[in-house]
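Structure, as C-alpha cells:
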Amino acid sequence: MFENVLLGLQTLADPALLLAVLLGVVGGVVIGALPGLTSTMGVALLIPVTFSLPPQVGLAMLGGIYCASTYSGAISAILLNIPGTSASVATMLDGHPMAKSGKPGRAISLATFASCIGGMISIVALLFLAPQLAEFSLRFGSPEYFLLAVFGITVIASMSAGAMEKGLIAGALGLILSTVGVHPLTGTMRFTGGVPSLYDGIPLVVALIGLYSIPEVIDLIERAKSSRDSARGVDRTSHWESLRELAAQKYNVLRASLIGIVVGIVPGVGCSVGGFLAYDAAKRGSKTPEAFGKGSSEGLIASETGNNAVTGGTLIPLLTLGIPGNPVTAVLLGGIMIHGLRPGPELFTTNADVTYGFIFSLFLSNLLFVPIGLLLARYGLRIVQVPAGILAPIILTLAVIGAYSLRASLDDIWIMLAIGGLGWGMAALAVPRAPLVLGLVLGTLAEGELARSLALVRGDLAAFGMQILTRPVSLIILLLCIIAIVHGINQHRQNSKMLE
C-alpha cells in the first residue's frame, strides 16, 4: 500500500498530468456555474479529447471536470437562485437568502471551502477504505434501494417546518411528476401526452431551471415596475473568517462528509440526495433550526460538504467493482475502459501507477478549484448589483439556453416554462419548492426499486415485508425512516405550539 502511494505521488509529478488537472478544473468550474451544462455532459464531451493522451493524464483531466463542476454549481445557485447542477439544489435553500441579505461573498467563500473539505475527506476514504466500502455497497439490493429512497423522502418533513401540510403537498406533487414517462418494468407510457421528450420522464435539470429561475425572473420584473429595486451591497468577507467558521463547525462538516461518502458508494442515488440528507442532518442537530432556509451558514456548509463528498464515494464502487455510482461515473467508466483498463483488484495492483495517480489528481483538483472558483466568483459577485430590469432578461436567457443545451430540444424549453409557471404559483402561495424537487429526484428511484423488489417475489407483499425485516441493512434503514418520521412529527407539534 505504501509503495503504491509513493508511486501515485511520483505519477502526480508529471507536468502533463498537472496541466491536465488545471485544464479540467477550469473547464469544470465554468461548466458547473452555467445552468444546464451538467457534469455528465462535461465529462462526455472531453472523453474523445483524452483518446490520444496517456491513461493517467486523460483520467486526471476528467476527474478535474467532475470535482470542479460538482462544486461550481453553487455559484449560480447562490447568486441567481438557479442551480448550476442538480447537486447544488439544497445549497440554494440558505445560499441565496444569504446573498440577498448582502452577504454573497461570505456565502461563496463558505461554499467553496466546504466543498473542498468534503471532497478531500471523500478522496481519503477512496484511498484507504475503497475495498471495504465497496464490499458494503454489495449488500444493497432492490429492497435497500427502495427504503433508502423512502428515507430520503422523509427529509420533506424537516424541510417543511412551519408549513408541514404545504410541504407534504409539494412532496406528493414531486412524486406524481416522477411517474411521467415509461414504467420501469412494463414499458407502459404514462402522462406523456404523446410528447417524445417526456418518454424518459421530466428532465431533472430542466425542471430545476424552470422551478427556480422563472419565479426569480417574475419577482425581478415586479420589483423593477414597483421601484422596489434597491441596490444590494457586496460584502468583502475574509476567507480566513470562513475557514475559522468551518473549523468551529467541524462536527457538522464531518457528519456531512460521512453522509456524502455513504450516499456516494450506493449506486444510483446521486449528489443532490447527499446534499439534501446532509442538510437535513444539520438541521436536526442544530441549536437554531429556525434559521435554516433564511441564510443559515450551517445549512450551506452541510449541503456543500455533503454533495462534494459524494464524488469520492461514487468512485469507490466504480474503481473496485466496475459499478458506476451516478451518470457521471458511468461516462467515466467508459473513459477508463477506452484506455484498456479494467475496474477491479488489478486496477490497484497491475495498474497502480495509473490508479493512484488518478486518486492523487483528485486531491489536487479539490485544492485547485478553490482559487479558481473564488476568482470566478469575485467577478460574479457583481451580478447582485445589476438592476432588476436588466438582470431579469439575463436570467431568462440563461434559463432558456440551459434548458435547450441539455438535449438540443425545443420541447425542453416549453417543459421548463411550464414547470416555471408551477414554481411561480408555489412561490406566490408560500409553498416550499424543495420538497417537490426531492420527490422528483427520489420518486423514480423508489418506484423502480419497489417494482423490481415485488417482481423478485412475484408480487407477494408478505414475502416483500419479510425481505425487509430479515435483511440487516434493510432493517437499519427502516428504523432510520421511522425515527425520521417521528422526529418530523414532533418538530411540527413544537412549531405549532410556538405559533399558538
Side-chain angles (χ1 to χ4, degrees), residues 38 83 85-87 89-90 93 140-160 164-193 195 197-212 263 266-277 279-280 307 310 325-327 406 412 415-416 418-419 422-423 426 431-455 464 468 474 477-478 480-481 484-485 488:
T38 64
T85 62
S86 59
V89 180
L93 300 178
F140 278 72
S142 292
E144 286 79 11
Y145 285 128
F146 168 68
L147 287 174
L148 190 64
V150 172
F151 177 63
I153 292 170
T154 63
V155 174
I156 290 173
S158 177
M159 288 183 177
S160 310
M164 178 73 78
E165 295 81 6
K166 293 181 178 179
L168 292 176
I169 291 171
L173 182 58
L175 291 173
I176 293 171
L177 291 175
S178 72
T179 63
V180 173
V182 180
H183 188 277
L185 286 184
T186 65
T188 305
M189 293 290 181
R190 303 169 301 177
F191 314 119
T192 61
V195 179
S197 295
L198 291 176
Y199 289 172
D200 291 329
I202 296 175
L204 178 60
V205 175
V206 172
L208 291 175
I209 291 173
L211 194 63
Y212 287 96
V263 168
V266 179
V269 183
C271 295
S272 57
V273 178
F276 272 121
L277 291 179
Y279 182 89
D280 179 64
N307 64 32
V310 172
N326 58 14
L406 192 66
D412 285 346
I415 294 171
M416 182 270 292
I419 297 290
L422 174 63
M426 293 175 69
V431 177
R433 286 166 283 175
L436 186 149
V437 174
L438 200 58
L440 185 61
V441 170
L442 293 173
T444 304
L445 175 65
E447 182 191 26
E449 298 303 336
L450 177 60
R452 276 183 278 276
S453 297
L454 291 174
F464 173 63
I468 291 176
S474 291
I477 300 174
L478 180 62
L480 291 174
C481 291
I485 292 170

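Residues satisfying the side chain to side chain donor-acceptor pair (under 3.5 Å) test with Ser474, not counting sequence neighbours, are Glu144. Here Ser197 pairs with Val195, Arg407, Ser409, Asp411, Asp412, Ile415 under the side-chain contact (heavy atoms from CB on, under 4.5 Å) rule; sequence neighbours left out. The side-chain contact (heavy atoms from CB on, under 4.5 Å) search around Leu480 returns Phe151, Ile476, not counting sequence neighbours. For Ala451, the side-chain contact (heavy atoms from CB on, under 4.5 Å) partners are His183, Leu185, not counting sequence neighbours. Under the side-chain contact (heavy atoms from CB on, under 4.5 Å) criterion, Val431 pairs with Lys166, Ala170, Met426, Leu429, not counting sequence neighbours.
A heavy-atom distance below 4.5 Å is found between the side chains of Phe464 and Leu450. Using a 4.5 Å cut-off on side-chain heavy atoms (C-beta onward), Val182 and Met189 make contact.
Residue-environment remark: OH (Tyr199) exceeds the threshold of 12 foreign heavy atoms within 6.0 Å.
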Q: List the steps, then state whether side-chain contact (heavy atoms from CB on, under 4.5 Å) holds for Phe191 with Ile176.
A: CA-CA 10 Å; Phe191 314 119; Ile176 293 171; 5.7 Å; no
Side-chain atoms of residues 435-442: list all donor-acceptor pairs with protein atoms under 3.5 Å, sequence neighbours left out, distances to 0.1 Å.
none

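Interatomic distance, CG of Leu208 versus OG of Ser272, reported as 8.0 Å (0.5 Å rounding). Put simply, CG on Leu93 and CZ on Arg433 are 10.0 Å apart, with the number rounded to the nearest 0.5 Å.
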